**Q** 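So that we are looking at the same thing, I have put the structure below in structure tokens.
All values reported here derive from a predicted model rather than from experimental measurement. Chain letters run A, B, ... following the sequence lines, proteins first, then strands; residues in each count from 1.
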2 protein chains.
Amino acid sequence: MPATPLFRRIDVAPAYQKVADAIEREIINGRIKPGEPIGTEQQLVAQFGVNRSTVREGIRVLEEGGLIRRDSSRRLQACLPRYNKLATRLSRALILHEVTFRELFETSMTLEVASVEGAVERATEENIAELAGNLARSAALVGNPAELAELDAEFHVLMAKASQNRVLQLAREPAAQLFFPTTEMIVGGVREGGARLVEAHRHILDAIRGRDKEAGVLWTRRHLQDWRRGFEKIASLDRSVEHTYMEHAYAARQ
Amino acid sequence: MPATPLFRRIDVAPAYQKVADAIEREIINGRIKPGEPIGTEQQLVAQFGVNRSTVREGIRVLEEGGLIRRDSSRRLQACLPRYNKLATRLSRALILHEVTFRELFETSMTLEVASVEGAVERATEENIAELAGNLARSAALVGNPAELAELDAEFHVLMAKASQNRVLQLAREPAAQLFFPTTEMIVGGVREGGARLVEAHRHILDAIRGRDKEAGVLWTRRHLQDWRRGFEKIASLDRSVEHTYMEHAYAARQ
DNA sequence: TTTATCCGTTTGTCCGACAAAGCTAGATTT
DNA sequence: AAATCTAGCTTTGTCGGACAAACGGATAAA
């Protein structure tokens, strides 16, 4: 073997990967815009000159990556990767890495506070209307932990949306997906839990309306501290977000 | 159509999806541990009773999701999803959503501050040694924007690691992947930029060593503000990341 | 206007096949 | 005996062809 290699390593990516890469490039470059059709499998077979099985494997990769999806009639089209879907993967990764609720709590505190600060600064009338709608529905469902937990998660999503910061929206999502599902357990297990939750939301919304950052931050902190107190009554913050929880969330969702 | 639907939508997932789900469940549940083999395609064919093509499509899904990988000899094995891979996809999503550097900056400020706070509280001797090593190398490369930019990114990764909060580590990664590559442009374009960067890192490390949270936060803020000032000299914060970054950084990298 | 029917297209799945690359174990060489 | 080589088996990546089910659209019937 020569001391200095004469040749660069040849790129030998499998064909399905090359198919996926080629389509991905077109989407990233903007040559194919979100919503536009990619073509049928048959057409891709013709264009790439590979077998349909190979094309289909490439498609699966892109589909899982969130770059393409199938519309109502199963035809392929480009799409904007949905935060939510990617966030789900990340949440799973967090579980497998056995993170603790303490880590989850600490990070969520940071991100929710940033979120409310942004919302106070930049929420539009429409954002506020959405939050108000959520609050009204929540108030009507104080006694229903399951529904209330879902509305709580939505409230925080709306708050992030109101911050007009999409990076923040994305950054908070993975933690939120693991964090907020516990709300049901907590609201259900703590006396007056539901009422306190709605009360906090009301104060936060008022702060956003009144552009009062201090109040917004204060009530967001209280809101999360409430969660923490509730959580510590039923579990330890330093236990990992276990498989048991995954099952719980999974089962409940399906 | 009845006002209230009588039936829930029936689950008719395609076979390849069911294959992927089945394997995923085993991994999430911990029945298959990271590093353990999944079996050959032939075995999966036998176990699931479906065709190999179907199995392979399912495998692509899991592979892209980061739950399984192929070892040196291409055999399937479970693995821990790597943050980095997932974060890359998220970064791509951010680009497609045409986020601005303002959003990136604001979120990074939040997350880096949280990161340094955690590091000040919980950094181990090993963490500090790693940071010190990074600082020493940086100091030796003040005049080299490309190298320094890479070391800067690493410094912040190490800082997040020192916070002992894996959720935070993950949450900051997508933004960081888009944010820090611009450092090269900035350090190269601003007089004394490299020196200021190393100086800031030094103060941050000192603060972590001395468990001085206030100083840590202060210098982290300054460090990022420096970035911002530098950035505004060469581009607008409100332009999308795609337009600015794709042109500059991509061209430079290739 | 709605319902039913037919037909071409597309997807999901299956079968069988083969070359290339990796592993295994016996045969060969040193 | 140890190292090396070789041949065979296994596994993956790819291919071609096939077919049922679902969908879209057009047309006929009520």
**Q** Please state how far atom CD in Gln17(B) lies from atom P in dT11(C), giving the value in whole angstrom units.
**A** 17 Å
**Q** For the side chain of Ser73(B), starting at C-beta, report the closest nucleotide among dT10(C), dT13(C), dG22(C).
**A** dG22(C)
**Q** More than 12 non-hydrogen atoms from neighbouring residues, nucleotides or ligands closer than 6.0 Å to CZ on Arg70(A), yes or no?
**A** yes
**Q** Round to a whole Å and report the spacing from CZ of Arg56(B) to P of dC14(C).
**A** 15 Å
**Q** Between dG12(C) and Arg52(A), counting only base atoms on the nucleotide and side-chain atoms on the residue, is there a donor-acceptor pair under 3.5 Å?
**A** yes
**Q** Start at the 5' end of DNA chain D and walk down; is the nucleotide closest to Gln43(B) or to Asn51(A) reached first?
**A** Gln43(B)
**Q** Over how many whole Å does the gap from Gln42(B) atom CD to dG16(C) atom C1' extend?
**A** 12 Å
**Q** Nearest to the Val50(B) side chain among dC14(C), dG13(D), dT13(C), which nucleotide is it?
**A** dC14(C)
**Q** Closer than 4.0 angstrom, basic N to acidic O: yes or no for Glu147(B) and Arg137(B)?
**A** no
**Q** Check every atom of dT12(D), dT13(C), dC15(C) against the side chain of Arg74(B) and return the nucleotide holding the closest atom.
**A** dT12(D)
**Q** Please confirm whether the shortest side-chain N or O distance from Arg75(A) to OP1 or OP2 of dT10(C) is below 4.0 Å.
**A** no
**Q** Rounded to whole Å, please give me the gap between CD1 in Ile59(A) and P in dG12(C).
**A** 8 Å
**Q** How many whole angstroms separate atom CG of Leu44(A) from atom C1' of dT10(C)?
**A** 12 Å
**Q** Does the side chain of Arg70(A) get closer than 4.0 angstrom to OP1 or OP2 of dG12(C) through an N or O atom?
**A** yes
**Q** Starting from P on dG16(D), measure out to CD on Glu41(A) and report it in whole angstrom.
**A** 16 Å
**Q** Only one of Val157(B), Thr107(B), Thr110(B) forms a side-chain contact (heavy atoms from CB on, under 4.5 Å) with Arg172(B), so which one is it?
**A** Val157(B)
**Q** Figure out the CG/C1' separation between Asp71(A) and dA22(D), and round it to whole Å.
**A** 13 Å
**Q** Where does the angle between the aromatic ring planes of His201(A) and Phe155(A) fall among parallel (under 30°), tilted (30 to 60°) and perpendicular (over 60°)?
**A** parallel
**Q** From the list dG13(D), dT14(D), dG16(D), which nucleotide is the closest neighbour of the side chain of Ser53(A)?
**A** dG16(D)
**Q** If I take atom CD1 in residue Ile68(A) and atom P in nucleotide dT11(C), what distance separates them, rounded to the nearest angstrom?
**A** 11 Å
**Q** Taking CD in Glu36(A) as the centre, count heavy atoms belonging to other residues, nucleotides or ligands within less than 6.0 Å. Is the count above 12?
**A** yes
